[in-house]
Number of protein chains: 2
Amino acid sequence: MGLQLTRGAEYAVRAMSYLARYPEGHVSSLHEIGEAQDIPESFLAKILQSLVRAGLTVSQRGAHGGFALARPAAEITMQQVIEAVDGPISVNQCVLSPEDCARSASCSVHEAWLRAQSQLMDVLGSITLESLAPEPAAVG
Amino acid sequence: MGLQLTRGAEYAVRAMSYLARYPEGHVSSLHEIGEAQDIPESFLAKILQSLVRAGLTVSQRGAHGGFALARPAAEITMQQVIEAVDGPISVNQCVLSPEDCARSASCSVHEAWLRAQSQLMDVLGSITLESLAPEPAAVG
DNA sequence: GGAGACCGGACAGAAAGGGTCTGGTTGGGA
DNA sequence: TCCCAACCAGACCCTTTCTGTCCGGTCTCC
């Protein structure tokens with residue numbers, strides 16, 4: 001394997017795409033999301049915490065609590081969701097911290113990594129949750 | 001972290017870009033490559049084996065042995081090098097084996113992963129070792 | 001005030017990453 | 001011929017990250 005995102009990020013995207021099917025402000029419980037998307041609940045709990053801390057979702061505590069998107073689905077990208085859970089995306093270390101790369105190779109390779117990185121970011125940054133939700137009303 | 005290629009793949013690209021600086025057929029020893037590119041030699045040995053098995057490099061055994069590109073540098077892409085070491089690139093599991101994804105979510109998310117995957121492959125598949133080598137003759 | 005739900009972090013098993021080592025084979029050169 | 005330089009193959013090992021679980025705490029609605 002290698003260049004692959006984590007299960008956590010996968011789950012995060014699925015969970016968010018689930019929330020995006022509902023009208024703005026609609027609250028879904030952890031249990032509900034986990035069941036609908038087939039995600040282990042205790043793991044999902046941790047993931048949703050990250051999303052709350054990143055400001056992508058808001059939570060409602062107490063009875064009838066749960067989670068909702070913090071913004072309209074059209075304003076949340078896959079990139080944001082992934083980075084909230086996995087940390088900054090970088091196809092390799094030398095993109096993230098150029099000081100590692102600088103020494104030996106007069107890195108023309110570095111250029112290549114940057115291009116790949118940039119392309120990837122473009123795609124992930126341009127796909128919003130809105131475009132992921134199947135239909136605004138068709139809820140399973 | 002998360003979406004990041006392995007150290008092994010990084011090393012592989014560096015090693016290959018080193019070989020690409022020499023005229024076709026020129027043989028460099030493991031030791032030489034490791035030293036020039038600052039890669040642990042015993043690890044590099046393993047990596048080069050993968051590249052040989054993948055048909056990207058050829059090896060010469062015995063005294064004055066070493067490694068050389070199996071084809072002109074213009075005909076070897078970063079994608080090939082990475083996959084030789086890390087295995088097939090797939091931004092997530094559901095791209096590699098769709099049977100996992102099929103069940104629950106009527107996966108509009110799947111579409112998104114495919115797009116990201118495709119973009120990434122386009123970039124990595126279009127960068128050749130030739131374009132990585134600084135100059136045909138400028139060897140350090 | 002109690003039940004339902006999120007919060008926060010400690011914990012743990014499994015897998016992958018990153019690298020070393022050893023014994024074997026090949027082949028060139030003295 | 002014989003030795004040494006170099007690759008070959010794979011077993012092994014340590015560390016980190018992933019992928020979760022669990023539990024005590026806190027909040028809030030009823």
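Numbered from 1 within each chain, the chains take letters A, B, ... in sequence-line order.
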*Can you name the one residue among B/Leu56, B/Leu129, B/Leu51 that meets side chain to side chain contact (heavy atoms under 4.5 Å, CB included) with B/Leu69?*
B/Leu129
*asked:* Could you tell me how far apart A/Gln4 (CD) and C/dA16 (P) are, to the nearest whole angstrom?
replied: 10 Å
_In this structure, how many angstroms lie between the P atom of D/dT19 and the CG atom of B/Asn92, rounded?_
11 Å
*Backbone N or O of B/Ile89 within a donor-acceptor pair of the B/Gln117 side chain at under 3.5 Å?*
yes
_Do A/Gln4 and B/Ser90 pair up side chain to side chain, a donor and an acceptor below 3.5 Å, judged on atom types alone?_
yes
*Does B/Phe67 share a hydrophobic cluster with B/Val58, counting links as ILVMFWY side-chain heavy atoms below 4.5 Å and allowing steps through other members?*
no
Please produce a list of atom pairs where a protein N or O lies less than 3.5 Å from an N or O of nucleotides 10-14 of chain D.
none

*Please check if A/Val52 and A/Ile76 belong to a single hydrophobic cluster, counting links between Ile, Leu, Val, Met, Phe, Trp and Tyr side chain heavy atoms closer than 4.5 Å.*
yes
*Give the rounded distance in Å between these two atoms: CZ of B/Arg7 and P of D/dT17.*
12 Å
*asked:* Within residues 25-33 of chain B, which residues have any heavy atom lying less than 4.0 Å from an atom of DNA chain D?
replied: B/Ser29, B/Leu30
*Quick check: does any side chain N or O of A/Gln80 sit under 3.5 Å from a backbone N or O of A/Thr77, one acting as donor and the other as acceptor?*
yes
*Let me know the distance between CD of A/Glu41 and P of D/dT19, rounded to the nearest Å.*
19 Å
_Show the nearest heavy-atom pair for residues B/Gln79 and B/Gly125, with the distance to one decimal._
OE1-CA, 3.6 Å
Check nucleotides 26-30 of chain C against the protein and report each pair of N or O atoms closer than 3.5 Å, with its distance, or say if there are none.
{"residue": "C/dT26", "atom": "O4'", "partner": "B/Arg61", "partner atom": "NE", "Å": "3.4"}
{"residue": "C/dT26", "atom": "O4'", "partner": "B/Arg61", "partner atom": "NH2", "Å": "3.4"}

*Quick check: are there more than 12 heavy atoms from other residues, nucleotides or ligands sitting under 6.0 Å from NE2 of A/His64?*
no
*What is the distance, rounded to the nearest whole Å, between atom CG of B/Asp38 and atom P of C/dG19?*
11 Å
*Return the value, rounded to whole Å, for the distance between atom CZ of A/Phe67 and atom P of C/dA5.*
12 Å
*asked:* Can you see if the side chain of A/Thr6 gets near the phosphate of D/dT17 - specifically, an N or O under 4.0 Å from OP1 or OP2?
replied: no
*Under the 3.5 angstrom rule, does the side chain of B/Ser126 hit a backbone N or O of B/Asp122 as a donor-acceptor pair?*
yes
*Nucleotide D/dG20, atom P - distance to CD1 of A/Ile39 in whole Å*: 10 Å
_Closest contact, heavy atoms only, A/Val123 versus B/Arg115_ = CG1-C, 4.2 Å
*Using whole Å, report how far CG of B/Leu48 lies from C1' of C/dG19.*
15 Å
_Pair B/Asn92-A/Glu10, side-chain donor/acceptor within less than 3.5 Å_ = yes
*Given the rule that I, L, V, M, F, W and Y join up when any side-chain heavy atoms are under 4.5 Å apart, are A/Met121 and A/Leu114 in one cluster?*
yes
*asked:* OP1 or OP2 of C/dG19 versus the side-chain N and O atoms of B/Tyr11: is any pair under 4.0 Å?
replied: yes
_Using the side-chain heavy atoms of B/Gln49, tell me which of these nucleotides is nearest: D/dA9, C/dG19, C/dC6._
D/dA9
*NA contact type, B/Gly2, heavy-atom cut-off 4.0 Å: base, sugar-phosphate, or nothing?*
sugar-phosphate
